[in-house]
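All remarks here apply to the structure that follows.
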Amino acid sequence: MNRSVSTESQPAGTTVFALMSSLLDAVDKPLLVTDRGGRILFANLHAQDSLGCKPTEEGVQPNLFRDILHVDAKGLFGQLERGEQEVDLPVDSATGRARARIRWLPEPDWLVVFAEPALVEAPVDQDQMRRTVKDLLQEREITYRNLLAAYLRLQEVNRQKTVFLGSAAHELKTPLAVMKGYYDLLLSESLGHLTEKQRDILQESKQSCDRLVRLVSTFLNYTALESGKLVLQFQDNDIKDCMNDVAIRWKETFRRANVQFEVIMGEKLPIFKFDYPKVQQCITNLVDNALKHTPVGGKVILRAETHFWERRVVPTTPSKERRSARRPQSNSVMISVSDTGVGIAAEYHQEIFEDFVRVDPSSSGMGLGLAITKRLIQAHHGKIWVDSELGRGSSFKFLLPMKVEAYSYA
Ligand code: ADP
């Protein structure tokens, strides 16, 4: 078998050259090195076989530019000296069309040439491609329709489930009201004297009954909101009365739980239009949660104050009035319920306002209280959020605009 050719004079038996040749022969691509004139200095076995770099029988050495690449050396060097790392040229090889990748080594001023099979571009079958694209589009359309149908089915099942649970909850209302009435009757002692023990048991049973009533009414509210049946009754109301009602109702429960309960009303709280029972329900939900998550000895503060809510809205107030109002005037009431309880980790601050979300699954409740509260407040064009730190308590705040109709959203 031929060894690699080299036209350089080489000391006979030079082991380094022999080793290099063997190594380059092991490269599975044709590789050759020439000088600037295209004279072949070295060609491995693959190059000899496929590019025809062997000397002719008359001993004439082939030239890279003239006999192999069939190009003008000047043009090629022009490209390489302008900074091109590598020049790709087509070349004929024993196995068919190939591409020669030519690099220039400036220091010895040599050219290194690798040959690779040319990339064969498969002829594009336009019809086949059109069919494939059409099939893909059809498949996508079918998947989309199936997904839509499945989504609509799920939505319907969900709606039916809500309706069913809503009517079940509705059925519970009457027996619970009857039970509650009997507890009150027994506790009033009009049917006979109660021992201390009997009174405690009845009191506890009544509290459980109250919890159930609240749960049922929460669920009924949720189903009403879900089915779009909720209609707010906006009337001129006093927020102080609304808060006092809640405070009176919860006073005893807080006393028994050994948690301090304070109500702070800001000055000049105005009379403005809101749905009294719905806002009361929002406050109740927040107070209930605060008590539930505050340990014995803790404190809950319910506070209301006027507030300037700067929001991105277009005021529809006449421009003359706007000019006279230099100082930002209160345009909303902020109600907050703060506690010294367990607090809520930051990653739940948004999530807790979604349906059925409970941070602590062991706590009582369905994870609906805050979701309902948020919807009711949004129906008032207000907003709700929480400031809280784990282990340091929470402060739920909501804003109710005093004049909903004075703004239109930008
Ligand atoms: P639930 O009716 O189950 O209490 P909510 O929607 O009212 O549901 O509250 C959702 C979750 O938010 C609760 O499960 C609780 O983990 C958390 N949470 C609400 N209020 C407080 C609070 N004041 N302190 C700590 N965690 C709270």
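Predicted model only: the values in this text are computed from it and were never measured. Below, each value reflects all heavy atoms present in this structure, side chains not excepted, and no hydrogens, waters or symmetry copies. Remember, it's 1-based here, ligands and their atoms both numbered in the order they're listed.
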>> Please list, in number order, the atoms of ligand 1 under 4.0 Å from a heavy atom of Gly367.
In response: 1 (P), 2 (O), 3 (O), 6 (O), 8 (O)
> At what distance, to the nearest 0.5 angstrom, does CZ of Phe398 lie from NZ of Lys383?
Replying inline: 13.5 Å
> Among protein heavy atoms, which lies nearest atom 21 (C) of ligand 1, and at what distance?
Replying inline: His293 CD2, 3.5 Å
> Which of parallel (below 30°), tilted (30 to 60°) and perpendicular (above 60°) describes Phe234 and His380?
Replying inline: perpendicular
>> Starting from atom 19 (C) of ligand 1, what is the nearest protein heavy atom, named by residue and atom, and what distance separates them?
In response: Asn289 ND2, 3.6 Å
> Looking only at heavy atoms, is any part of Asp339 under 4.0 Å from ligand 1, and if so is it the side chain, the backbone, or both, or is it neither?
Replying inline: side chain
> So which protein heavy atom does atom 12 (O) of ligand 1 come closest to, and at what separation?
Replying inline: Ile352 CG2, 3.3 Å
> Numbering the atoms of ligand 1 from 1, which are under 4.0 Å from a heavy atom of Asp360?
Replying inline: 16 (O)
Pairs of donor and acceptor atoms involving the side chains of residues 239-248, under 3.5 Å and at least two apart or interchain, shall be tabulated with distances.
residue	atom	partner	partner atom	Å
Asn244	ND2	Lys240	O	3.4
Asp245	OD2	Tyr276	OH	2.7
Asp245	OD2	Gln280	NE2	3.3

> Is it the side chain (CB and beyond), the backbone, both or neither of Val359 that lies under 4.0 Å from ligand 1, heavy atoms counted?
Replying inline: both
>> Check for me whether Tyr348 has a heavy atom closer than 4.0 Å to any atom of ligand 1.
In response: no
> Please state which protein non-hydrogen atom is closest to atom 5 (P) of ligand 1 and give its distance, to 0.1 Å?
Replying inline: Leu370 N, 3.6 Å
> Within the structure, does Ala371 bring an N/O atom to less than 3.5 angstrom of an N/O atom in ligand 1?
Replying inline: no
>> What protein heavy atom lies closest to atom 26 (N) of ligand 1? Include the residue and the distance to one decimal.
In response: Ile344 CG1, 3.4 Å
>> Under a 4.0 angstrom heavy-atom cut-off, which atoms of ligand 1 come close to Met366?
In response: 2 (O), 3 (O)
>> Atom CZ of residue position Phe356 - does it have more than 12 heavy atoms of other residues, nucleotides or ligands inside 6.0 Å?
In response: yes
> Can Arg130 and Asp127 be said to form a salt bridge (Lys or Arg N to Asp or Glu O under 4.0 Å), step by step?
Replying inline: CA-CA 5 Å; Arg130 237 176 264 130; Asp127 276 353; 3.2 Å; yes
>> Between Asp35 and Arg39 (side chain of the first, backbone of the second, donor and acceptor by atom type, cut-off under 3.5 Å), is there such a pair?
In response: yes
Give every donor-acceptor pair under 3.5 Å between a side-chain atom in residues 292-300 and any protein atom, sequence neighbours left out.
residue	atom	partner	partner atom	Å
Lys292	NZ	Ser364	O	3.0
Thr294	OG1	Ala290	O	2.5
Lys299	NZ	Glu262	OE1	2.8

>> In this structure, does ligand 1 have an atom that sits under 4.0 Å from one of the heavy atoms of Gly341?
In response: no
> Heavy-atom contacts under 4.0 Å between Lys292 and ligand 1: side chain, backbone, both, or neither?
Replying inline: side chain
> In this structure, which one of Asn221, Thr218, Thr373 forms a side-chain hydrogen bond (donor to acceptor under 3.5 Å, both in side chains) with Asn285?
Replying inline: Thr373
> If you draw a 6.0 Å radius around NE2 in His349, do more than 12 non-hydrogen atoms from other residues or ligands fall strictly inside?
Replying inline: yes
> When you check the gap from the basic side-chain N to the acidic O, do Glu189 and Arg199 get nearer than 4.0 Å?
Replying inline: yes
>> Against ligand 1, does Val357 come closer than 4.0 Å with any heavy atom?
In response: yes
